[in-house]
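Note that the coordinates shown come from a computational prediction; the quantities given were computed from them, not determined experimentally. Below, chain A is the first sequence line, B the second, and so on; all start at residue 1.
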Amino acid sequence: MTEINDTNQNERLDFVRQIVADDMASGKWDGRVVTRFPPEPNGYLHIGHAKSIRLNFGIAEEFGGKCNLRFDDTNPCKEEQEYVDSIIEDVRWLGGGFGDKPLFGSDYFQQMYDWAVSLIKKGKAYVCDLTAEETRQYRGTLTEPGKDSPCRNRSIEENLDLFERMKAGEFPDGSKTLKAKIDMAHPNINMRDPVMYRILHAEHHRTGDNWCIYPMYDWAHGLEDSVEGITHSICTLEFENHRPLYDWFLDALEIYHPQQIEFARLNLTYTVMSKRKLLQLVKEGYVSGWDDPRMPTVCGLRRRGFSSEAICNFCKVIGVNKFNSTIDFALLEHCLRDHLNKTSPRVMAVLKPLKVVITNYPEGQSEEMDAINNPEDPNAGTRKVPFSKVLYLEEEDFMEEPVKKFFRLAPGREVRLRYAYFITCNEVVKNDRGNIVELRCTYDPETRGGDAPDGRKVKATLHWVSAKHALDAEVRLYDHLFNKENPDEVDEGNTFLDNMNPNSLEVVTNCKIEPFLRGTKALDRWQFERIGYFCTDTDSSVEKLIFNKTVGLKDTWAKIQKQQQK
RNA sequence: UGGGGUAUAGUGUAACGGUAGCACGACUGACUCUGGAUCAGUUAGUUGGGGUUCGAAUCCCUGUACCCCAGCCA
């Protein structure tokens, strides 16, 4: 009996898991559950793939089965080793345990070829001389039936001979194909004698020049599933039309026959998910690369500071269905904050520094204040934060003429410096142009640690960094790559590129960070108190610290400001 | 105009003939040494029209809307 993990009976199963559970109950597959995640190595994985990865690997984990990572590498023209490597890394990162090694569809090329021969022998496949253009014409249209190829009734012997010579390389690219003999008048166009093999004298990233004929998806995919003993072959909705063909090949061959199940792919607001468009963004330099922190790619999200836990939880929360929907990006951010809040150490960082001199603090003196690393996690411990006479505060935490509901620092007003003292602003120093360049404040020594013995309250607590102890850093702030919920919604003659957000990246230099972050390593995650979650960028070094803003903290003040502007 | 799918609050997702629930968002309020977190509350929904039934989101009929398919891509 197979153990079922993690499937809380109270939690309703999605329709895919329901099918699997029913099959387990009926013993349809003898208690086996084998799924697969079958990417084509022609691009980087994105958050949409994460949904599929979590579905397939999740089902395997929950039902005590296994999930194969299998590269569907049947098109040598578009596929590269670089993509294989990145996909393996990303699947592992998302918790995909696929055993010692990934599998490759190309490893089954010989088996597929043998099966093709057997189909020819059954009179169910033939070599066709039609060109690509002619094939299109013979196929008919959505409303009109196609017509039979003149090659359709070649003898089995001739087909066998021709197919072997195709494989041997006797014919140029595109001159011949092997087609399944089904029905040129079938209402489902996929069934109108689909191409099984095309001639491609191209170098394959794994099989080199061993082959010059390559199997088409419809022919190859079911065979790969069959070879691996897949039970549930889960794919996206657009393959629904292909299922009759999937079934036809397996039935014609009379071999092990998995069940194909289709679900809706993920759509997210403010982003594009098509490989073609993501490739275009990279190739045409709209972003710095596949792992640009603004990209919805798995490596982009990772570099941005997303945790795999957050992504996995998101995949769980969004569910699985058969109809197209677009998930609000805010839900992803919610899952992100939810995990980061519990796990990220807090630290103080000032993005836009405003110099503050504590006039009554002794010159040259400094002291160390105790700070809690993570109030959500007692095990995270505490650290010392240096305090001295000259500090940096966040520029936007001061207003010379405070508007209503602004209760941070202002002339004559007292606020708390987190883990330090209460300070009161006495003087605003400006330069020739009238810009504020310095604040002169006094502190109350009695409030050390952040509490007033007389019980007086302040309405704000600000983050700060001691000037002489501060580390300089560059911080990269990100916003959506597109400024429209649906970037593909464009006016006549425009493309999704016209919806790009020109302000999706803001580089802030001369940020001041508390010394605790000296020696931080790439991909370390932090919460900059009162600002947001950040992670150390892969470009960061001891000489030059660089941080990426992962996502901001919820900001009710920003909300109030927005309302006030109206 | 062929075939294949799908419709539940703003968004996403449950309810499997028996009180339409949950999450995100939005909006209140409480609390707070992060205007964070947390907590409490408010908001808002079954694609239209017929039927069957004591009772329908669910079953039947019939409209409507949206998605996918005419690569030698996957």
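With its glycosidic angle more than 90° from 0, B:G10 adopts the anti conformation.
Note on A:T461: every side-chain N or O is 4.0 Å or more away from OP1 and OP2 of B:U32. Listed pair A:R139 / B:G71 meets the phosphate criterion, a side-chain N or O lying under 4.0 Å from OP1 or OP2.
Evaluation of the salt bridge (charged side-chain N to carboxylate O under 4.0 Å, His left out) rule for A:K78 yields no partner, not counting sequence neighbours.
Taking only distance into account, the side chain of A:E376 meets the base of B:G36 through a donor-acceptor pair shorter than 3.5 Å. Counting distance only, with no hydrogens placed and no angle test, the side-chain atoms of A:R408 and the base atoms of B:G35 include a donor-acceptor pair under 3.5 Å. One can find a donor-acceptor pair under 3.5 Å joining the base of B:C68 and the side-chain atoms of A:N241.
No engagement by A:L417 is indicated, since no non-hydrogen atom pair under 4.0 Å with the nucleic acid exists. Within 4.0 Å (heavy atoms only), A:E240 reaches sugar-phosphate atoms of the nucleic acid but no base atom. Among the heavy atoms of the strands lying under 4.0 Å from A:L331 are primed sugar atoms or P, OP1, OP2 only; no base atom is included. As judged by a 4.0 angstrom heavy-atom cut-off over every strand, A:H242 is placed among the base-contacting residues.
Residues A:K277 and A:D488 are paired through a salt bridge, judged by an N-O separation under 4.0 Å between the basic side chain and the carboxylate.
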